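No experiment lies behind these values; they were computed from the predicted model shown. Protein chains get the first letters and strands the later ones, always in sequence-line order, with residue 1 at the start of each.
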Protein chains: 2
Amino acid sequence: MDMRGIAKLAGVSSATVSRVINGSSLVRPETVERVRKVIEEAKFFPNNSATTLKYGRSDTYGVVIPDITNPFFPEFIKNFEGILVGNDKDMLMATTEFDSSRMQQCIRRMLMRKVDGVALLASEIETQSFEDLIHNRVPLVTMDRGHIGRGLSDVSIDNRSGMDQALQHLKGLGHKKIGYIGGVEGLTISDHRIDAFMHALQRVGLETRPEFIKVGNYRSAGGMNAMTELLSLKDRPTAVLAANDLSAIGGMRAAMKLGVSIPTDLSIVGFDDIELSEIVHPPLTTLRLPRPELASVFFYALEQLKSTPHSRGKHYTVKTSLVVRESTGPAPKRRRGTS
Amino acid sequence: MDMRGIAKLAGVSSATVSRVINGSSLVRPETVERVRKVIEEAKFFPNNSATTLKYGRSDTYGVVIPDITNPFFPEFIKNFEGILVGNDKDMLMATTEFDSSRMQQCIRRMLMRKVDGVALLASEIETQSFEDLIHNRVPLVTMDRGHIGRGLSDVSIDNRSGMDQALQHLKGLGHKKIGYIGGVEGLTISDHRIDAFMHALQRVGLETRPEFIKVGNYRSAGGMNAMTELLSLKDRPTAVLAANDLSAIGGMRAAMKLGVSIPTDLSIVGFDDIELSEIVHPPLTTLRLPRPELASVFFYALEQLKSTPHSRGKHYTVKTSLVVRESTGPAPKRRRGTS
DNA sequence: TTGAAAGCGCTAACAC
DNA sequence: GTGTTAGCGCTTTCAA
C-alpha cells in the first residue's frame, strides 16, 4: 500500500495524502478527516526510503562506539536516543570492537544509509576513515580528539578540572604516592587522560613516578592486571586513579583478592560514574562525566553543523566533577621499611 | 555523485557500474578494473535508499529492547550486531523504556524504515502494536511470549531446567525456605519466570510461601527494596532467587547493608549471567542465559521467516544452566525462635 | 559484453 | 484546496 492507494480509497490525489501526513494547513478539515480515517484503517505507514532518496537525508544520526558492553556507552546511547526520538529522528548505532576494519565498515554503512551526521565516540579511528565522511559532507562530531575543521566539531572532556579535584581530594587525605591505571595504549582519549593526570600531579605538587603508571584496557580485567602489577611493587602507591570506572572496579577486585582492603589500605578513584559505581562495594569515588549533558552537546553540535554545512566546526567542552563515595579514605600510616 | 556520474567518468553506462558493484560476472575484467578505479577515486558509496525503494527491503533488522542500561541487552546486541555485520546487514535499535507509547513509536520507525524483520525482546508489548508488523508482513521474533503465528516465531527461555538445577543446588546445601525477587509485574516474561519458580519448587519438593515472593523491577534498586522486605520478615528465607542478575546484585547490596553476610547467612542466585556477575563481590551464582546462542537463534529465526513469508513461525528454545560461584553456600543453622 | 529505460514511493512546484 | 507530474538513484529486463 502506498500513497496512491490511500488516495484512491479516500477519493483524493496522492499529493493531498502527502499534505495530510505532513500536516499542511492547506487541506480542508473534512478532507483531512477522511484521509486520516483511510490511513488508519489501512494501517498505512509512509515509506521513508522514498523521502531519503528524494532529499538525500534520512533523519537519522549515526553513532559509532567501540564497545557496547562498557556501561558508559549504553548510558550515553540511552540519552542520545531519547533526544533523537524526541526530535523525530532515528539512530543508527555501530560498534567497532576496537577493530579498524570494523570501523571502516561502520563508516561505509553510515554513508550508504545517508545519515545526517555521525557522533563518533570511538577514538581508535584513523584519520583516513573519516575523510570519507568529510568528503561526502556528512557532519561529524568526535569525542576528545581535539581537531576541528569544515563540518567537523569536537567535544572534549575537561579532564583537567576533574583530575585536579580528585588529586586535591587525595592529597587532603594525606596521599602522596598516586598510581594510574590507563586505557588502551595509543588511543588519543587515553593519552589525553594520562597527560591530564601527569599535569594535574604537577599542579597539585605531587611527584610523578613512571612505575606507578600502568596500562589497562578500559575493562575490568585490564584493571585487575594493572592493579596486581601496582601492588607487586615494593614501594606501592597508596591511592590509584583509573581511566574509567570499569578499570577501577577491576582494580578493587584485584586488591581485595590480594587482601588489600579499600579504602583502609588503598584508595581508588574511577572515571565516568557509571550506574554500577554506586552499587559496587565499596561504592566508588569517581569523576563524573555526565551522560545526559554529553548526549545533548553531541546532538546540539550535530544540528549546528547540519544547519551551516560549509562552515567550520567548533570546540565544545563537557566538565567532569568529583563524586566522593567510599573507595577513598585517609592514607595509611607508613609501614616500616618503605619510605 | 551517483552511478551515472561514475559511469560517465569511466566511459560506461550506469548499468555496468551497478553490475561491477554487485559483482556480476558478465563484465569484462578490464572494464571492472576501470570502473573500480573511478569508484575508488571518487570515494563513491551507493545510495542504499534507492535499492530499498525499489525492492521494499532494507537489509536491516530491527531490535526492540526495553532498557539498554541493563547489561543483558548490550551483551545481546553485541552478538546480534556481530552476526548482522557478518551477513552484510544493518541493525536498527530502539528502546521502549518500558513505555507503551515509546513502543508504538518503535514499531512505527521499524515500519517506515522497511526493516526486513524485528527481534522483539521487550515483553511489555501489547498485542495491538505488533499487529501492525504482522499486517505489513514484517517477520517478527519475540522472546518468551509463547505465541507463534503467520510470520511470527518465538524464542522461549527454558526457565524450567535452569530453575530445577538452581533449586536442587540450594536443596543440596540444606536450604528449605527460598524466596524470590521478581521482575516487573504484568510482563509475560516475568510471569513465566515466577511460574517456573513455583513449579520448580513443587518438583523439587519444597514448600511455596506467598510471602517469600516479592516484585522487583529488573534493576538493582528493585532488588534492594525486595530484599529489604524479605529480610524484614520474622521468618526469613535462607536463600533467594532473583529474576535477573541486576536484581540479585541489588539484593546482595541490601543484605550487606543490613549486616547479613553472603553466603554465610543468606544464599543468592541470579538469572542471566551478565559479565558483571563475575566481578561483583561475592561472585554471583546464577542461571546463565547464553547471549551468543540467543542472538544466533534470533537471527536464524528471522532468516527462516523471511525466506518463507507466508508460512507459520516456529517455537525455539534456549536452555539455561546453573553457574555456581560464591553467593551460595550451606544453609545457616536455625536460629532459636524461628521455625 | 554493454546500453537504454522503466519504475520503486514520495514531495514540491506548478496548474487549475 | 486539490490535482498533475517530474525526478531522487538504483537494478534489471530487454535490446543491440
*asked:* Heavy atoms within less than 4.0 Å of DNA chain D: which residues of residues 49-59 of chain A have one? Give them sorted by number.
replied: L53(A), K54(A)
*asked:* Within residues 108-117 of chain A, which residues have any heavy atom lying less than 4.0 Å from an atom of DNA chain D?
replied: none
*Mark yes when over 12 heavy atoms from residues, nucleotides or ligands other than Y316(B) sit less than 6.0 Å from its OH; otherwise mark no.*
yes
To the nearest 0.5 angstrom, please state how far the [atom1] atom of [X] sits from the [atom2] atom of [Y].
X	Y	atom1	atom2	value
S311(A)	L305(A)	OG	CG	7.0 Å
S49(A)	K54(A)	OG	NZ	13.5 Å
E131(B)	L152(B)	CD	CG	11.0 Å

Closest heavy-atom pair and its distance - [X], [Y]:
X	Y	answer
G82(A)	R102(B)	CA-NH1, 4.3 Å
C106(B)	A94(B)	SG-CB, 3.4 Å
D154(B)	H147(B)	CB-O, 3.7 Å

*What do the steps show when you test Y61(B) against F298(B) for ring-ring contact (aromatic ring centres under 6.0 Å, His included), and what is the final call?*
CA-CA 11 Å; Y61(B) 279 124; F298(B) 263 91; over 10 Å; no
*asked:* Quick one, I83(B) and S296(B) - any side-chain contact, counting heavy atoms below 4.5 Å?
replied: yes
*M93(B) and I77(A), any side-chain heavy atoms less than 4.5 Å apart*: yes
Quick one: side chains of residues 64-71 of chain A, donor-acceptor pairs under 3.5 Å with protein atoms, not counting sequence neighbours, listed by atom name and distance.
{"residue": "D67(A)", "atom": "OD1", "partner": "T69(A)", "partner atom": "N", "Å": "3.0"}
{"residue": "D67(A)", "atom": "OD1", "partner": "T69(A)", "partner atom": "OG1", "Å": "2.8"}
{"residue": "D67(A)", "atom": "OD2", "partner": "T69(A)", "partner atom": "OG1", "Å": "3.3"}
{"residue": "D67(A)", "atom": "OD2", "partner": "R219(A)", "partner atom": "NE", "Å": "3.4"}
{"residue": "D67(A)", "atom": "OD2", "partner": "R219(A)", "partner atom": "NH2", "Å": "3.4"}
{"residue": "T69(A)", "atom": "OG1", "partner": "R219(A)", "partner atom": "NH2", "Å": "2.7"}
{"residue": "N70(A)", "atom": "OD1", "partner": "F72(A)", "partner atom": "N", "Å": "3.1"}

*Could you please spell out the steps behind the salt bridge (Lys or Arg N to Asp or Glu O under 4.0 Å) verdict for K43(B) and D132(A)?*
CA-CA 7 Å; K43(B) 294 181 191 299; D132(A) 286 347; 3.6 Å; yes
*Candidate list T16(A), I21(A), N22(A), test side-chain contact (heavy atoms from CB on, under 4.5 Å), partner S18(A), passing option*: N22(A)
*V17(A) and its side-chain contact (heavy atoms from CB on, under 4.5 Å) partner, picked from V35(A), V38(A), V27(A)*: V35(A)
For nucleotides 13-16 of chain C, print each protein N/O atom paired with a nucleotide N/O atom at under 3.5 Å, atom names and distance only.
none

*With sequence neighbours left out, write down each residue that passes salt bridge (charged side-chain N to carboxylate O under 4.0 Å, His left out) with D144(A), or none if nothing qualifies.*
none
*Under the salt bridge (charged side-chain N to carboxylate O under 4.0 Å, His left out) test, residues paired with E293(B) that sit two or more places apart*: none
*Ignoring backbone atoms, test whether S18(A) places a side-chain nitrogen or oxygen under 4.0 Å from the OP1 or OP2 oxygen of dA12(C).*
no
*Starting from the first five and the last five pairs of the helix from dT1(C)-dA16(D) to dC16(C)-dG1(D), work out the angle between the resulting helix axes, to 10 degrees.*
40°
_One thing to verify: whether E40(A) and K37(A) come together as a salt bridge, which I'm taking to mean a side-chain N less than 4.0 angstrom from a carboxylate O._
no
*asked:* Expected output is a numbered-order residue list: members of residues 3-14 of chain B with a heavy atom under 4.0 Å from any atom of DNA chain C. What is it?
replied: G11(B), V12(B), S13(B)
*Of all of residues 27-35 of chain B, which get a heavy atom below 4.0 angstrom from DNA chain C, listed by number?*
V27(B), R28(B), T31(B)
_side chain to side chain contact (heavy atoms under 4.5 Å, CB included) for D90(A) and M112(B)? Distances and angles first, verdict last._
CA-CA 11 Å; D90(A) 251 319; M112(B) 291 182 57; over 6 Å; no
_Sequence-distant partners of R36(B), side-chain contact (heavy atoms from CB on, under 4.5 Å), two or more places apart_ = V20(B), V32(B)
_Filter on side chain to side chain donor-acceptor pair (under 3.5 Å), then keep only pairs touching residues 74-85 of chain B, sequence neighbours left out; what's left?_
T95(A)-E81(B), E97(A)-K78(B), R109(A)-E81(B), E75(B)-R291(B)
*When you list every nucleotide of DNA chain D with an atom under 4.0 Å from a heavy atom of chain A, which one comes first 5' to 3', and which comes last?*
dG1(D) to dG9(D)
*Quick one: label N22(A) by what it contacts on the DNA or RNA (base, sugar-phosphate, nothing), any heavy atom closer than 4.0 Å.*
sugar-phosphate
